[in-house]
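See structure below.
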Number of protein chains: 2
Amino acid sequence: MATGREIAQLCGVSVATVSRVFNQPETVNEETRERVLRVARELGYQPNESARALSTKQSTMIGLVWDTDHRRPGWRHPYLQDLLIGLKSALSVHGYHLLMLATSGDAREVGASLADPVGYVNMTRRHHLGGLVLIDSGSDAEAFEAFAQSGVPCVALDVAVDGPRATYVTSDNAGGARAATRHLTGLGHTRIATITGPPGNQPSRARVAGYRDALREAGLPPRDEYVVAGDFYRTSGTVAMQRLLALNEPPTAVFAASDEMAVGALLAARAAGLRVPDDLAIVGFDDIEIASVVDPALTTVAQDKPGFGVAAAKAIMAMITGAGREDPVILPTRLVVRDSCGA
Amino acid sequence: MATGREIAQLCGVSVATVSRVFNQPETVNEETRERVLRVARELGYQPNESARALSTKQSTMIGLVWDTDHRRPGWRHPYLQDLLIGLKSALSVHGYHLLMLATSGDAREVGASLADPVGYVNMTRRHHLGGLVLIDSGSDAEAFEAFAQSGVPCVALDVAVDGPRATYVTSDNAGGARAATRHLTGLGHTRIATITGPPGNQPSRARVAGYRDALREAGLPPRDEYVVAGDFYRTSGTVAMQRLLALNEPPTAVFAASDEMAVGALLAARAAGLRVPDDLAIVGFDDIEIASVVDPALTTVAQDKPGFGVAAAKAIMAMITGAGREDPVILPTRLVVRDSCGA
DNA sequence: CGTTTCACCGTAAGCGGTTACATCATCGTA
DNA sequence: TACGATGATGTAACCGCTTACGGTGAAACG
């Protein structure tokens with residue numbers, strides 16, 4: 001590994017000049033600059049990031065806080081890969097890398113879990129991270145708030161947070177739910193139910209609100225028995241659907257707040273001898289991969305999955321350089337019409 | 001941020017002693033050790049990882065090389081999330097973190113892509129990474145070989161590599177394929193076809209070999225027209241299936257080398273008016289999520305997805321500490337019988 | 001011709017740890 | 001009593017880079 005010192009010696013300049021060539025090129029004479037650059041190239045010079053970080057007190061890494069909630073072992077993020085693709089590519093534009101923070105192995109007192117953000121914030125300081133990206137892993141929003149209040153730049157995904165240098169990005173959940181429900185009312189349905197996410201979940205609440213909006217628009221009275229809670233999981237969709245089908249006046253259409261639950265509902269409907277979409281119309285949310293392979297293919301509200309990552313990266317970078325707080329980002333959604341509503 | 005020096009002053013010892021408390025605790029007197037520890041805790045001391053890395057020439061991070069091959073924009077890893085879960089948790093046991101390396105933004109000459117591993121290896125040196133984990137992203141194995149030869153400890157997933165400090169982990173692809181095909185012969189099928197992955201792909205070749213083994217065991221003659229190549233994508237499965245159905249003597253059973261292609265084949269069969277499993281039996285490979293939601297649910301060969309990550313982490317750590325080369329890891333597979341074979 | 005300005009560059013002090021080596025007291029032993 | 005062994009700690013160099021500050025020479029100015 002060639003060092004700056006070696007380059008300096010070979011070029012007959014000081015290490016300071018070498019450093020300046022890379023950090024403030026305009027302050028060094030063009031001739032010597034090119035000489036340094038050439039030698040650096042020949043030597044395959046790679047600046048030592050540790051030394052640089054030590055000196056400047058900041059690294060070119062941002063941390064990813066992604067804890068699978070241990071209270072829900074089977075939890076999977078619906079579209080982690082797309083999110084990471086967006087995040088990674090947007091960060092790379094600025095020369096930043098993504099550090100997937102690990103909870104300390106011997107979780108004695110470090111206790112780095114989402115429920116106790118201290119460990120993560122400590123890691124942030126240790127590594128001089130530029131900021132944190134917080135992925136909603138189904139746990140409570142309180143932990144997110146603690147992150148946001150810690151002072152480190154952070155952007156949360158799908159959880160509204162507020163803090164001195166914190167912001168969040170989320171989909172237009174209400175709008176998406178409205179579009180989904182409108183699609184149903186537009187098809188003539190009047191008995192439209194919804195299967196929601198966990199009560200505390202913010203996107204879930206927004207989706208319920210959008211659902212209610214669309215009913216109101218269509219002049220349909222809200223019915224409490226048509227709103228049943230799930231947890232985004234597939235089986236909860238099945239259970240919810242069974243409950244709905246047991247009603248005196250079962251719905252003819254269902255808006256599920258996740259594709260997983262929509263599939264669960266579809267299974268329940270099929271088990272009950274109902275044909276989809278003829279006897280029951282179903283709309284989902286997310287547009288994950290399975291939406292297009294189930295039979296019938298699921299009509300659903302698509303989220304801009306890589307867009308989450310890109311927006312998060314932009315927000316983080318803006319907070320790092322700008323040092324201020326950023327406005328939340330609301331990503332547009334898009335209704336994808338397939339076969340589960342008979343449209 | 002408290003530093004070691006502050007602790008030293010408060011404790012009336014030197015910074016060397018503070019450092020020793022954390023790195024060679026046994027060499028420092030118990031009394032002073034506890035004093036240092038207590039003060040460190042009170043001050044919320046977090047060691048500066050940049051300084052430590054600069055001094056020791058090694059960080060507590062290992063790099064993840066995961067490039068979505070740009071020649072295949074839509075490419076997705078079939079089970080990235082599970083893999084990451086395993087990787088992350090296994091690394092955290094050793095106090096290591098995962099750095100998702102980004103290709104340099106201005107890809108002038110740095111050219112950090114899988115096709116040109118130089119950029120990644122440079123990043124490895126810059127950050128003093130302990131090693132690299134290479135995720136197969138569908139690109140050619142040559143690039144992997146270049147990584148393996150670079151001298152940095154690295155473990156490849158699903159690509160057999162050889163190098164001074166390189167190894168790999170993969171599934172028992174042949175065994176899995178054998179089990180899948182045996183399942184088919186066991187059900188009485190004699191006309192069994194296979195849809196393979198890309199010709200150059202190693203797991204794909206092993207699966208073909210396993211398929212052939214099982215045919216031989218059952219005394220069935222191999223038929224070239226029953227082996228048609230796909231690319232692991234869904235649509236290639238559809239195309240391949242159409243080709244198979246056009247044969248004079250179409251197969252009554254198909255082993256697809258990926259679940260995605262199995263689904264594609266299923267779609268083609270359905271479009272051709274065939275009933276699955278009655279007219280055609282299908283087995284897949286991977287056991288990804290969609291396998292259980294398609295209709296009929298897919299019988300498939302399950303891979304130990306988190307196991308990939310865990311094994312990779314173990315191998316990397318072994319190479320970091322042991323400094324030698326490690327044996328490749330072959331993960332067991334498991335046949336998951338569902339409904340697509342009528343078993 | 002003296003003085004100011006400015007572009008360019010070197011000097012050196014950090015940044016916060018790690019560790020080889022020296023120091024020193026203590027203790028067992030010849 | 002002298003001496004080597006041992007355990008505990010301090011000293012100081014070093015890791016490679018950044019940057020405030022000062023110095024130099026040439027050009028511009030009065």
Side-chain angles (χ1 to χ4, degrees), chain A residues 1-37 39-40 43-61 95 122-130 320-321, chain B residues 1-37 39-40 43-61 95 122-130 320-321:
Chain A
M1 280 294 287
T3 70
R5 184 198 308 261
E6 297 180 40
I7 298 180
Q9 286 172 344
L10 284 183
C11 291
V13 299
S14 71
V15 288
T17 299
V18 174
S19 178
R20 277 189 284 257
V21 165
F22 293 104
N23 299 311
Q24 310 150 32
E26 66 283 356
T27 70
V28 34
N29 180 281
E30 179 171 345
E31 188 182 340
T32 67
R33 192 200 317 158
E34 302 206 331
R35 189 151 35 100
V36 168
L37 248 19
V39 172
L43 264 53
Y45 171 69
Q46 297 295 326
N48 184 320
E49 296 290 342
S50 303
R52 180 198 285 265
L54 175 60
S55 185
T56 63
K57 297 180 190 307
Q58 56 175 322
S59 72
T60 55
M61 305 184 291
N122 284 344
M123 283 300 167
T124 305
R125 303 205 199 287
R126 282 187 184 213
H127 292 277
H128 295 298
L129 301 183
I320 290 176
T321 59
Chain B
M1 280 293 289
T3 70
R5 183 197 309 263
E6 297 180 40
I7 298 180
Q9 286 173 343
L10 285 182
C11 292
V13 298
S14 71
V15 288
T17 299
V18 174
S19 177
R20 277 190 283 255
V21 165
F22 293 104
N23 299 311
Q24 310 149 31
E26 65 283 358
T27 70
V28 34
N29 181 281
E30 178 170 346
E31 189 181 341
T32 65
R33 191 200 319 159
E34 302 206 331
R35 188 151 36 100
V36 167
L37 248 19
V39 172
L43 264 53
Y45 170 68
Q46 296 296 324
N48 183 322
E49 296 290 340
S50 303
R52 181 197 286 263
L54 175 60
S55 185
T56 64
K57 298 181 189 308
Q58 57 176 320
S59 72
T60 55
M61 304 184 292
N122 284 344
M123 283 300 169
T124 304
R125 302 204 199 287
R126 282 186 185 215
H127 292 276
H128 294 298
L129 301 183
I320 291 177
T321 59

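Hydrogens, waters and symmetry mates are skipped; everything else that's a heavy atom, side chains included, is used. Chain letters run A, B, ... following the sequence lines, proteins first, then strands; residues in each count from 1.
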Point to revise | Sub-4.5 Å side-chain heavy-atom contact between B/Arg33 and B/Val36 | key: no
Review point. How many Å lie between CD on A/Gln46 and C1' on D/dC17, as a whole number?
Key: 15 Å
Check your understanding: Should the heavy atoms of other residues, nucleotides or ligands under 6.0 Å from CD of A/Glu26 be counted, would the total exceed 12?
Key -> yes
Check your understanding: What is the distance, rounded to the nearest whole Å, between atom CG of A/Asn48 and atom P of C/dC15?
Key -> 18 Å
Exercise for review: Could you please name the option among C/dC15, D/dC15, D/dT19 that lies closest to any side-chain atom of B/Arg5?
Suggested key: C/dC15
Review point. Taking atom C1' of C/dC8 as reference, at what distance in whole Å does atom CD of A/Glu30 sit?
Key: 14 Å
Practice item. Take A/His127 and B/Thr60 through the side-chain contact (heavy atoms from CB on, under 4.5 Å) test and state the conclusion after the steps. Key: CA-CA 10 Å; A/His127 292 277; B/Thr60 55; 4.1 Å; yes
Review point. To the nearest 0.5 Å, what is the distance between CG (B/Leu129) and CE (B/Met123)?
Key: 10.0 Å
Review point. Under 4.0 Å: is that the gap between some side-chain N or O of A/Ser55 and OP1 or OP2 of D/dT18?
Key: no
Review point. Does anything in residues 17-24 of chain B reach DNA chain D, meaning a heavy atom under 4.0 Å, and if so which residues?
Key: B/Thr17, B/Arg20
**Study point:** Check: A/Val13 and A/Val28 side chains under 4.5 Å, non-hydrogen atoms
**Key:** no
Review point. With respect to the side chain of A/Tyr45, which nucleotide from C/dC15, D/dT18, D/dC17 is positioned closest?
Key: D/dC17
Review point. Closest nucleotide of DNA chain D for B/Val15 versus for B/Thr56: which of these residues is on the 5' side?
Key: B/Val15
Point to revise | Residue B/Ala16, side-chain heavy atoms: nucleotide from C/dC8, D/dT19, C/dT19 that is nearest | key: C/dT19
Exercise for review: When you get a sec, tell me which of D/dT9, D/dA12, D/dC15 is the closest nucleotide to the side chain of B/Val28?
Suggested key: D/dT9
Review point. Which whole-number value in Å describes the distance from B/Arg33 CZ to D/dG7 P?
Key: 14 Å
**Study point:** Distance (rounded to the nearest 0.5 Å) between B/Leu37 CG and B/Glu30 CD
**Key:** 11.0 Å
Review point. Does the side chain of A/Arg52 get closer than 4.0 angstrom to OP1 or OP2 of D/dT18 through an N or O atom?
Key: yes
Exercise for review: Write down the distance between CZ (A/Arg125) and P (C/dC15), rounded to a whole number of angstrom.
Suggested key: 19 Å
Check your understanding: For C/dC9, does either OP1 or OP2 sit under 4.0 Å from a side-chain N or O belonging to A/Thr32?
Key -> yes
Check your understanding: Base, sugar-phosphate, or nothing: which does A/Ser50 touch, judged by heavy atoms less than 4.0 Å apart?
Key -> nothing
Exercise for review: Send over the distance from A/Leu43 CG to D/dG16 P, rounded to a whole Å.
Suggested key: 14 Å
Exercise for review: Specify the separation, in whole Å, of atom CD of A/Glu31 and atom P of C/dC8.
Suggested key: 11 Å
Check your understanding: Are A/Lys57 and C/dG16 close enough that a side-chain N or O sits under 4.0 Å from OP1 or OP2?
Key -> yes
Point to revise | CA sep, side-chain torsions, deciding dist, call: A/Leu54, A/His128, side-chain contact (heavy atoms from CB on, under 4.5 Å) | key: CA-CA 9 Å; A/Leu54 175 60; A/His128 295 298; 5.6 Å; no
